[in-house]
Amino acid sequence: MAFAAIAVATFVAHRLWPSFCPAAPNETMIACAREWIGALSGWFAFAAAAASIPYLIRQWQEARKQTRFIIGDDDPTLDVVEHLQEENRLVVRIVNWNRRAVFVTGISASTKTRPEHMDGDIGIWQVETIDGVSEGGEFPIQINGWEHRGGRPRFARIDLLLLRRISAKEPGSYRDEQVPFPRDAKIAAKMRMLGNVHRIFELDADAFPQE
């Protein structure tokens, strides 16, 4: 289509301005148009190559993601959902897609409607891993690496409570009261991954769907 447009433009330009493409002896208008096409073909090739660069970059990024997943270098993921049966409880699920072991060293909740740091208010009800369920829980929580790629990836399911310290009946004593999580709460998990150089990072997710 581009070449046809050049040929038509050359014909029209020659009709309007005869000096635009002066005809040489034994040369037709088609030959003149062919010369213009040859002169501009390099620019069209450059434009086509430039237009394909974003597509090639996306292909390279997807291939890199697939390679990282295959060799076990992909990052763990974190999902947060409400407990289906227990009110005021959140379920944090961390899946380790990496071949290296990771440790959950802390979990915190932040929100705009409550104090920003609520580490002390987070309580762990239970922790479930591929090896079983344990009541309560203490940090660090170990999640082994996904070494056998044909099997199930290692994970940790952590049930969270939000606790508020209130005064008890006896003077100077306190007790913890379970309260609902704010609707804008965000859960963050601090992680440490083992390796030649230990890596420290953080995963976070919204506690409730955002409209």
Side-chain angles (χ1 to χ4, degrees), residues 61-111 114-165 174-210:
Q61 291 174 340
E62 290 298 326
R64 186 182 179 186
K65 290 180 181 179
Q66 294 178 5
T67 301
R68 284 174 55 86
F69 181 81
I70 292 173
I71 66 177
D73 277 344
D74 214 2
D75 289 334
T77 57
L78 179 147
D79 299 301
V80 183
V81 296
E82 294 182 80
H83 199 287
L84 297 179
Q85 299 176 346
E86 299 293 338
E87 189 178 5
N88 300 334
R89 188 181 301 181
L90 294 179
V91 177
V92 175
R93 181 177 173 84
I94 302 174
V95 181
N96 186 13
W97 303 100
N98 202 288
R99 66 181 185 274
R100 302 175 181 86
V102 295
F103 292 86
V104 183
T105 59
I107 294 181
S108 62
S110 61
T111 172
R114 286 176 57 86
E116 182 178 358
H117 301 290
M118 299 191 301
D119 302 71
D121 296 334
I122 290 290
I124 297 179
W125 179 258
Q126 68 177 20
V127 177
E128 176 185 356
T129 65
I130 200 169
D131 300 319
V133 179
S134 61
E135 298 295 333
E138 296 181 356
F139 298 112
I141 300 172
Q142 180 176 346
I143 309 176
N144 293 328
W146 191 19
E147 297 179 354
H148 303 288
R149 308 299 287 181
R152 185 181 182 184
R154 303 292 176 164
F155 70 93
R157 168 185 161 154
I158 307 169
D159 290 12
L160 298 181
L161 305 174
L162 184 59
L163 304 176
R164 177 186 301 163
R165 178 166 291 187
Y174 299 90
R175 64 182 180 87
D176 291 330
E177 178 186 33
Q178 183 178 343
V179 295
F181 281 89
R183 300 301 298 182
D184 65 341
K186 182 182 290 291
I187 304 299
K190 297 179 181 179
M191 312 287 295
R192 184 174 74 247
M193 179 179 292
L194 302 183
N196 295 335
V197 177
H198 291 190
R199 177 185 166 201
I200 299 176
F201 58 99
E202 188 172 284
L203 302 175
D204 61 72
D206 292 329
F208 304 96
Q210 301 295 320

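- Met193 contributes atom CE, which lies 4.0 Å from atom CZ of Phe201 (distance to the nearest 0.5 angstrom).
- Considering all non-hydrogen atoms of both residues, Ala185 and Thr111 come closest at CA-CB, 4.1 Å.
- Distance check, rounded to the nearest 0.5 Å: CG of Leu90 to CG of Leu161 gives 9.0 Å.
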Dump the intermediate steps for side chain to side chain contact (heavy atoms under 4.5 Å, CB included) on Phe208 and Val80, then the final yes or no. CA-CA 8 Å; Phe208 304 96; Val80 183; over 6 Å; no
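- Between the Glu128 side chain and the Ile158 main chain, no donor and acceptor come within less than 3.5 Å of each other.
- For Arg199, the salt bridge (charged side-chain N to carboxylate O under 4.0 Å, His left out) criterion is met by Asp75, not counting sequence neighbours.
- Residues meeting the side-chain hydrogen bond (donor to acceptor under 3.5 Å, both in side chains) test with Gln142, sequence neighbours left out: Asn144.
- A salt bridge is defined here as a Lys NZ or Arg NE, NH1 or NH2 lying under 4.0 Å from an Asp or Glu carboxylate O, and Asp206 with Lys186 meets this definition.
- Side-chain contact between Val127 and Val133 is absent, with no heavy atoms from C-beta onward closer than 4.5 Å.
- A distance-only check finds a donor-acceptor pair linking the side chain of Asn98 to the backbone of Asp74 [under 3.5 Å].
- Distance check, rounded to the nearest 0.5 Å: CD of Glu82 to CD of Glu87 gives 9.5 Å.
- The two residues Ile107 and Val104 have their closest heavy-atom pair at CG1-CG1, 4.0 Å.
- Residues Val179 and Asn88 are not in side-chain contact: their nearest non-hydrogen atoms beyond the backbone lie 4.5 Å or more apart.
- For the pair Asp73 and Arg99, the salt-bridge criterion is met [side-chain N within less than 4.0 Å of a carboxylate O].
- In this structure, Trp146 CH2 and Ile130 CD1 are separated by 11.0 Å, a value rounded to the nearest 0.5 Å.
- Across all their heavy atoms, Arg100 and Leu194 have their closest contact at CD-O, 3.0 Å.
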Pair Met191, Leu203 - check side chain to side chain contact (heavy atoms under 4.5 Å, CB included), show working. CA-CA 7 Å; Met191 312 287 295; Leu203 302 175; 4.2 Å; yes
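- Panel note: side chain His83, backbone Gln85; a donor-acceptor pair is recorded below 3.5 Å.
- More than 12 heavy atoms of other residues, nucleotides or ligands sit less than 6.0 Å from atom NE2 of His198.
- The local environment of CD in Glu177 is crowded, with over 12 non-hydrogen atoms from other residues, nucleotides or ligands closer than 6.0 Å.
- Across Ala101 and Asn96, no two heavy atoms sit closer than the pair CA-ND2, 4.1 Å.
- Leu162 is listed as a side-chain neighbour of Pro182, based on a closest heavy-atom distance under 4.5 Å.
- Atom CZ of Phe139 sits about 14.0 Å away from atom CZ of Phe103, to the nearest 0.5 Å.
- The shortest non-hydrogen separation linking Trp97 to Thr77 is NE1-OG1, 3.1 Å.
- Taking CD1 of Ile143 as the start and OG1 of Thr129 as the end, the distance is 8.5 Å to the nearest 0.5 Å.
- Within 6.0 Å of CZ in Arg149 there are more than 12 heavy atoms belonging to other residues, nucleotides or ligands.
- Here the side chain of Thr105 pairs a donor or acceptor atom with the backbone of Lys190 at under 3.5 angstrom.
- Nearest heavy atoms, Gly145 versus Arg154: O-CG, 3.6 Å.
- For Asp159 and Arg157, the salt-bridge test passes: some basic side-chain N is under 4.0 Å from an acidic carboxylate O.
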